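Before any comments, here is the structure.
This structure is a prediction, so every number in the text was calculated from the model and none was measured.
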Amino acid sequence: MTGPRFRFAPSPTGFFHVGGARTALWNWALAHSQGGTFVLRVEDTDAERNRPEWTHGIIDALAWIGIHADDPHFEGPYFQSEYADQHVAAAEQLFAEGHAYYCDMTGADIEARNKAEGTQGYQGWSRDRGLGPGPGHALRFRVPSGVTLVHDLVRGDVEFDNALIEDFVLLRGNGSPMFLLANVVDDAAMRITHVVRAEEHLPNTPKQQMIWEALGHEPPVWAHVSVLVNEARKKLSKRRDKVALEMYRDEGYLSAAMVNYLMTLGWAPKGDVEIQPWDRMQTDFRLEDVNHSSAFFDLKKLAAFNGEYIRALTPRQFLDACRPWLFAPDAPFPADRFEESVFLAMAPVIQPRCVTLADAAAVVDFLFLADPVIDADAWAKATATSESVGVLRDTLDAYELLAHWSAEPLKAVLEAVAVAHDLKPGKAQAPIRVAITGRTVGPPLFESLEQLGRHETLRRLRAAMATLG
RNA sequence: GCCCCCAUCGUCUAGUGGCCUAGGACACCACCCUUUCAAGGUGGCGGCACGGGUUCGAAUCCCGUUGGGGGUGCCA
């Protein structure tokens, strides 16, 4: 695949951050719309932290949001720690050409010197000492004087005064490469043309750009996108916030809804409609249109998107999407009592009642339970009126004789019973509903009775009446 | 401390000098529909942070203030 090359570089922290997912999606859209490549590089210079299981998690999570490793636009994954030799070689080149120098000062040394001189940070103290490599000698970049101009596709030109950038470390005292260096070397080696990443990296960009230039390469196109924040407008963090993409998948969010929602954080499709198919967003997405300010990750809006996507599913798709929760160990009914045909028939009335796929099982649990779990308070309340017992008995009698067991006649019968007891047609269903479903709220009653069947409906009504004594 | 970024309804956004009496979505409220709960329909509430410029005209351009965020590691 020729064309521009976009790199996506998560760190293997054991989960996939929703903010990272958005950046991945944007890189993915760009790679496709520009006929380029999405390069996945799992970044950590420490091989110890490149845990295979974490990496698999990243690849699974990417696949969930539609970024598949077998897509022709996908390249990788690469593992940064495997390229340590190249990182060190680049550092040595920088030293040989005078762009870097060795320094033997420890953190304590620097602190002491600053205290003595009333300065702050590292003041390039070893610049002209002519030190060579050796144990405890860190390699520092010799930051040139002048200014570094970073051209950023979303922010425009940002100017940094080099005098304010200290000579940063390239190689640690033990010889291992630092992230900043490794990052640039990898990007250059992989011929990355566009670096689209979170805004938090912007202040370090001049340093990286200087490394690119010192290494003799043309820097890539930079694009720093804003971060996602929580209610306190702080960057989403693992400790405080629910940031793992996998968590949303496990809780029953549809990937299409998540993808659509993530795309609208910091960017909006043309027109006034936010819910858009991926193909459309993929071709319309432009970095130049991305917002400059941080965005709040709003669970309520995500839920609304998810509800919309759930309602748009066909019954079959809905059933298939719900399976993991329907057959989970903690499902509200035994798996062997589940009936696909019943669920499929009920799907159109279940879907509008679900925020997540996980909600479905609880909406229809009574259909697949040997006996409904009767809520005592609900039952007491539903049978508190003087008419309720009569309604129950008359309905039972009428249902025993009903010719066609389907929603319409079931409804007509109950309405007639209600009127006979001086109630408004729609007001008699509470005791029936509780007797059948165990609760006062739930899916439409008559469709439920139709699916439950005459035998079971009558059995439940009799059982419930028996408790009244 | 120093550096950088940011600033439109509560939230996500549209807006690139006149189409703006600032549009849409989520949330919230009311009403309608109705068989409970939803969903759906209709309507409502609600915003250009502040102060100076520039201009015939500013949400839009410039400067400042304030507020928020991020960076500043021999972390990534």
Side-chain angles (χ1 to χ4, degrees), chain A residues 9-13 43-46 49 80 103 105-107 110 120-122 136-140 150 152 154-155 158-161 163-166 168-180 182-183 198-207 224 226-227 229 231-235 261 264-275 289 291-305 307-308 311 348-355 359 363 378 382 407 411 414-415 418 424-430 432-434 437 439-448:
Chain A
S11 54
T13 41
E43 291 197 338
D44 203 309
T45 54
D46 184 349
R49 286 197 293 262
Q80 187 165 56
C103 171
M105 289 176 77
T106 63
I110 293 169
Q120 264 185 320
Y122 180 77
H137 291 201
L139 185 70
R140 287 181 179 270
V150 172
D152 190 289
V154 347
R155 273 153 224 286
V158 186
E159 201 177 85
F160 295 87
D161 182 355
L164 269 8
I165 301 173
E166 66 178 36
F168 51 95
V169 173
L170 260 15
L171 248 31
R172 296 186 184 86
N174 66 8
S176 64
M178 292 284 287
F179 158 78
L180 224 51
N183 211 304
E199 187 193 6
E200 61 205 77
H201 295 284
L202 183 54
N204 282 325
T205 305
K207 297 179 188 172
H224 289 90
S226 62
V227 295
V229 297
E231 258 164 317
R233 300 215 73 82
K234 294 266 196 294
K235 189 173 75 167
Y261 176 61
T264 67
L265 254 27
W267 177 78
K270 287 278 174 250
D272 274 341
V273 184
E274 290 179 316
I275 305 275
D289 297 334
N291 254 239
H292 297 182
S293 48
S294 51
F296 169 53
F297 187 81
D298 187 356
L299 266 326
K300 283 206 177 137
K301 189 150 181 178
L302 204 217
F305 271 50
E308 284 237 21
R311 274 171 254 134
V349 299
I350 306 171
Q351 285 166 263
R353 270 159 261 258
C354 291
V355 168
D359 296 338
V363 176
K411 178 185 180 188
L414 186 58
E415 284 182 354
K424 283 186 188 163
K427 287 295 168 211
Q429 64 164 298
I432 312 294
R433 176 180 290 282
V434 178
T437 72
R439 294 182 290 263
T440 54
V441 300
L445 183 59
F446 306 106
E447 283 77 356
S448 301

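- Regarding A:Leu139, its CG atom lies at a distance of 16 Å from the C1' atom of B:rG73, rounded to whole Å.
- With A:Asp161 contributing its side chain and A:Ala163 its backbone, the two residues share a donor-acceptor pair below 3.5 Å.
- Among the heavy atoms of the strands lying under 4.0 Å from A:Glu43 are primed sugar atoms or P, OP1, OP2 only; no base atom is included.
- For A:Lys207 and B:rC4, the NZ to P distance is 14 Å, given to the nearest whole Å.
- Within the structure, every side-chain polar atom (N or O) of A:Arg233 is placed at least 4.0 Å from both OP1 and OP2 of B:rC5.
- Checking B:rG71, B:rA14, B:rC74 against the side-chain heavy atoms of A:Asn291 singles out B:rA14 as nearest.
- Side-chain atoms of A:Thr437 and A:Arg433 include no donor-acceptor pair closer than 3.5 Å.
- Checked by atom type and distance alone, the side chain of A:Tyr261 pairs as donor or acceptor with a backbone atom of A:Asp298 at under 3.5 Å.
- Using Watson-Crick or G-U wobble geometry with both donor-acceptor distances under 3.5 Å, B:rG43 finds its partner in B:rC29.
- Looking at heavy-atom distances under 4.0 Å, A:Phe179 makes contact with a base.
- Under 3.5 Å, the side chain of A:Glu274 and the base of B:rG24 form at least one donor-acceptor pair of N or O atoms.
- Taking only side-chain atoms of A:Glu166, from C-beta outward, the nucleotide of B:rA39, B:rU35, B:rG73 with the closest atom is B:rG73.
- With rounding to whole Å, A:His224 atom NE2 is found 11 Å from B:rG71 atom C1'.
- Pair assignment for B:rC2: B:rG71, on the basis of Watson-Crick or G-U wobble contacts that are both within less than 3.5 Å.
- With B:rG15, B:rU36, B:rC3 as the choices, the nucleotide that has an atom nearest any side-chain atom of A:Arg433 turns out to be B:rU36.
- At the heavy-atom level, A:Asn204 lies under 4.0 Å from base atoms of the strands shown.
- When distances are taken from the side chain of A:Ala304 to each of B:rC75, B:rA39, B:rC26, the shortest belongs to B:rC26.
- Checking B:rC37, B:rC3, B:rA76 against the side-chain heavy atoms of A:Leu164 singles out B:rC3 as nearest.
- Distances from the side chain of A:Arg353 to the nucleotides B:rC74, B:rC12, B:rA38 place B:rA38 closest.
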